[in-house]
Enquirer: 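Mind looking over this structure? Questions follow.
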Amino acid sequence: MSKRNGGADAAVEKGTPETASTPARRKPGPRAGSDAARRGGMAAREKYGREHFQRIGSLGGKAVRERMGSDFYAAIGKRGGDSTKRNQGLEHYVRIGRIGGSRRPRRHTTAAEGGAASTAE
């Protein structure tokens with residue numbers, strides 16, 4: 001056992017992984033979501049501009065569309081819908097339907113108007 005590395009090679013000699021005795025290495029840069037990370041992102045946006053990031057982001061989407069095809073998007077949409085239905089249940093769709101309907105302005109029709117839309121009450 002060496003005194004230079006604090007006994008880390010003793011773990012190797014015993015057959016245990018060396019990572020068990022050494023702490024995990026922290027990723028370089030600021031922690032995600034911190035003020036420093038926000039300032040870094042803003043500096044990059046000022047340096048390259050929003051259009052640059054929009055352009056490189058759309059390249060990723062185009063590459064997936066070319067490689068996988070439009071059927072891929074239909075399949076993942078169906079899987080997502082099936083998962084939501086399984087996890088949230090029918091009540092979820094009833095609730096969001098009610099919310100969506102309550103936010104739209106209602107158009108009233110009367111039989112005398114022949115079904116024409118009327119906004120007067």
Enquirer: Kindly write out the residues that satisfy side-chain contact (heavy atoms from CB on, under 4.5 Å) with A37, not counting sequence neighbours, or none if the list is empty.
Expert: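 Scan of A37 (side-chain contact (heavy atoms from CB on, under 4.5 Å), adjacent residues dropped) gives P30, S34.
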Enquirer: If you count heavy atoms of other groups shown closer than 6.0 angstrom to CZ of R67, is the number above 12?
Expert: no
Enquirer: Applying ring pair (Phe, Tyr, Trp, His ring centres under 6.0 Å) as the test, list every pair that has at least one member in residues 52-98; sequence neighbours left out.
Expert: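 Listed once each, the pairs are Y48-H52.
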Enquirer: For S70, what residues pass the side-chain hydrogen bond (donor to acceptor under 3.5 Å, both in side chains) criterion, not counting sequence neighbours?
Expert: none
Enquirer: Pair up each side-chain donor or acceptor in residues 84-91 with any protein partner under 3.5 Å, not counting sequence neighbours, and list the distances.
Expert:
{"from": "T84", "atom 1": "OG1", "to": "G80", "atom 2": "O", "distance (Å)": "2.9"}
{"from": "N87", "atom 1": "ND2", "to": "S83", "atom 2": "O", "distance (Å)": "3.2"}
{"from": "N87", "atom 1": "ND2", "to": "S83", "atom 2": "OG", "distance (Å)": "3.2"}

Enquirer: Of all residues at least two apart in sequence or in a different chain, which pass the salt bridge (charged side-chain N to carboxylate O under 4.0 Å, His left out) check with D71?
Expert: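 Per chain and number, D71 pairs via salt bridge (charged side-chain N to carboxylate O under 4.0 Å, His left out) with no residue.
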Enquirer: Listed by chain and number, what are the salt bridge (charged side-chain N to carboxylate O under 4.0 Å, His left out) partners of K62, not counting sequence neighbours?
Expert: none
Enquirer: So do the side chains of D82 and R79 get within less than 4.5 Å of each other, counting heavy atoms only?
Expert: no
